[in-house]
Each structure stands twice: as structure tokens, then as C-alpha cells.
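Report on one structure; see the data block that follows.
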Amino acid sequence: MDADALEREGLAAAAAASSANAIEVVRVEYLGRKSALKQALREVRDRETGMALNAARERLEGAIDARESELARAELDARLTTESVDVTLPVGGFSRGKLHLITQIRREVEDVFLGLGYSVVDGREVETIHYNFDALNFPAGHPARSPLATLFVDETTVLRTETSPSQVRTMEVQEPPVYIVSLGRTYRRDTPDATHSPIFHQVEGLAVDEGITLADLTGTLDFLLRKLFGEKRRTEFRTHYFPFTEPSIEAYVSCHVCDGDGCPVCRHSGWIEVGGAGMVDPAVFAAVGYDPERYSGFAFGWGLERIAMLRHEFPDLRELWRNDLRFSRQF
Ligand code: PHE
């Protein structure tokens with residue numbers, strides 16, 4: 001085959017190549033080790049033919065290189081056009097994070113009590129059975145002391161089942177008058193359902209002074225209920241039992257789902273329990289060295305999840321911890 005014909009064919013193939021891959025194929029076909037040109041160069045016997053073939057090879061190489069960089073530039077141009085970012089376009093709005101609903105309610109309750117002159121104190125989530133049970137007058141064998149009800153860390157340490165241990169810790173280090181609230185996580189071995197969770201939150205309140213009566217307690221709780229729920233819902237206090245209060249009461253609010261008619265959420269009673277309360281039992285005063293003849297006091301412990309449900313009328317507290325933004329963003 002003559003050099004001219006080979007060159008013309010190669011140049012035409014290079015010009016027709018339309019991508020980086022295609023030009024590589026042309027290079028192998030016309031300049032590769034098995035190409036006709038390389039074959040001819042190996043077999044050449046006279047100087048003239050050799051020079052002509054070499055010159056053809058050089059021109060072909062130049063043409064293929066040129067076509068290759070032309071294609072590379074075109075491909076880059078195409079990418080730059082399609083992948084370009086128009087920095088002058090307006091950006092979408094930034095969404096701002098907010099506090100979790102429980103944190104919002106926690107701060108709101110703290111604010112209500114700070115406004116009444118109370119202090120906010122911290123408690124411990126890992127407690128000894130002394131503070132969680134003994135000092136709170138739980139008798140030996142009380143069902144709450146069972147590992148079926150309470151999460152034990154070891155034999156003498158539990159995840160606190162209520163915020164009430166912070167009553168004891170406060171009274172141990174402070175003389176009356178005492179006006180405190182303490183809010184935080186509590187733990188029980190409960191099976192999750194619409195109104196129970198093994199991890200939940202409580203607000204504990206404690207007031208100890210001379211001359212405190214049950215009327216101070218119900219007045220304070222009524223004030224809190226009005227602050228939290230407004231006038232729309234009815235409230236009710238019923239007698240109850242707690243080892244660390246005597247007498248004990250339980251606060252109820254009319255059910256937000258059925259408004260008192262009875263439904264699965266309120267277990268067909270029409271009422272939802274918000275939490276317990278009562279007058280501090282003299283046995284608790286004895287445990288912390290307060291004189292029960294001189295001082296009296298009240299305490300209460302309410303669940304923040306229940307407050308959240310009643311406030312915002314959602315039927316299942318598990319929604320609070322599913323982290324579904326469609327839910328969380330509403331608050
Ligand atoms: N600790 C009780 C509970 O978790 C609530 C409570 C607190 C009751 C303070 C009376 C006084 O159920």
C-alpha cells in the first residue's frame with residue numbers, strides 16, 4: 001500500500017472521529033504496532049520509501065494529536081456549560097432549627113416557677129436506692145423497688161424512676177424556706193404505648209415553709225394548669241397514695257381527644273392523669289433532719305410528655321421521639 005493512500009485514509013478517519021474514545025481507536029488502527037503503516041515501515045528496503053512513509057507517519061501523528069486536543073476541549077466546554085453554577089440566582093430560604101417541644105415546655109414550666117420566686121435545681125439521672133426509694137419512705141417490698149418496674153444499674157443504683165430524689169438532695173443541703181423545681185429525664189421499665197415511654201420527663205416541685213397547707217398546693221397546681229392549658233380544659237384533683245406525701249392527690253385534665261366522653265387515649269375514663277402531688281410526709285422531713293412540728297410543705301411531680309400531648313392534642317407520645325420533621329416542625 002502506498003504512503004499517500006494510507007495517509008489520506010488516516011486523516012479522513014481522524015477528522016471523522018467525534019469523541020476522545022473514537023480518536024484513540026483511530027490512533028491504534030493507523031499508528032499502532034499492527035497498523036499497515038508500521039507494517040510497511042518494518043518491511044521498507046529503500047531510503048526514499050522509508051522517508052516518505054516516515055513523513056506520512058509524522059503528519060498523521062500531528063493530525064491525530066490535534067484532533068484529540070480539539071475533542072478534549074470541546075468535551076470540556078460542553079461540561080462547563082451543562083455543569084455551570086449561576087451564582088446570581090437567588091438561593092432557597094435557610095430553615096432554622098428550633099428547640100425540641102419537650103425542651104420548650106421544660107423552659108416554659110421553669111419560667112412559670114421562676115416568676116413565682118422558685119429556684120431551678122438539677123438532679124441526677126443515676127441515683128442510689130437511698131435517694132430514689134429509702135429517703136422517700138418507700139417501704140421494703142414496694143413494687144417500684146422491683147427490677148420488673150425499675151432499671152437497675154447495680155444492686156444499689158438505679159436510673160431514677162421519678163424526679164422526687166431531688167427533693168431529698170435539696171433539703172439535705174438547704175434549710176427552709178425551700179421553693180424549688182427540678183426538671184429532667186426519668187426512667188421506668190414500661191412498655192411503650194400511646195401514653196407510656198420507658199424514658200420520659202418530669203417536673204418536680206417542692207415548697208417547704210412554716211404554715212404551708214393543701215390549699216397552697218391546689219392553688220399552685222391550678223395556677224400551673226391555667227398557664228399551661230388555658231381555661232378550656234377542666235381539671236380535677238383526686239385522692240391518691242404516694243409513700244412520700246400525706247395526704248396525696250393526683251391532678252387530672254379532661255381528655256384532649258374525646259373531651260371527656262371516653263376513648264382509647266384516656267382508657268375510656270374521659271380524664272388524663274397529669275401527675276401526682278401531696279403534702280410532704282413527716283418521714284421524709286425526718287430523713288433530711290427538718291422539724292415536722294415547725295415546717296410543712298407540698299410536692300408535685302408531673303410528666304412533661306403528657307403536658308405536651310394535652311397542649312398540642314396529639315394522641316401518641318411516641319411521636320415526640322420519632323424525629324419525623326413533619327411532626328417536629330409543627331411546634
Ligand atoms: N414522684 C411521683 C411519680 O412519679 C409524683 C409525685 C411527686 C407525687 C411529688 C407526689 C409528690 O408518680
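Note that ligands are numbered from 1 as they come in the structure, with each ligand's atoms numbered from 1 the same way.
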Near ligand 1, which protein residues have a heavy atom under 4.0 Å away?
Glu162, Ser164, Gln167, Arg188, Gln202, Glu204, Phe242, Phe244, Thr245, Gly276, Ala277, Ala299, Phe300, Gly301

Please, which pairs that meet salt bridge (charged side-chain N to carboxylate O under 4.0 Å, His left out) have at least one residue in residues 201-216, sequence neighbours excluded?
Glu210-Arg294

Hey, would you say the Trp302 and His201 ring centroids sit under 6.0 Å apart?
no

Does Arg42 have more than 12 heavy atoms from other residues, nucleotides or ligands lying within 6.0 Å of its CZ?
yes

Of all pairs that satisfy salt bridge (charged side-chain N to carboxylate O under 4.0 Å, His left out), the ones with a partner from residues 76-100, not counting sequence neighbours:
Arg79-Glu83

Tell me if the centroids of the rings in His142 and Phe133 come within less than 6.0 Å of each other.
no

Inter- and intrachain pairs under salt bridge (charged side-chain N to carboxylate O under 4.0 Å, His left out), touching residues 275-289, at least two apart:
none

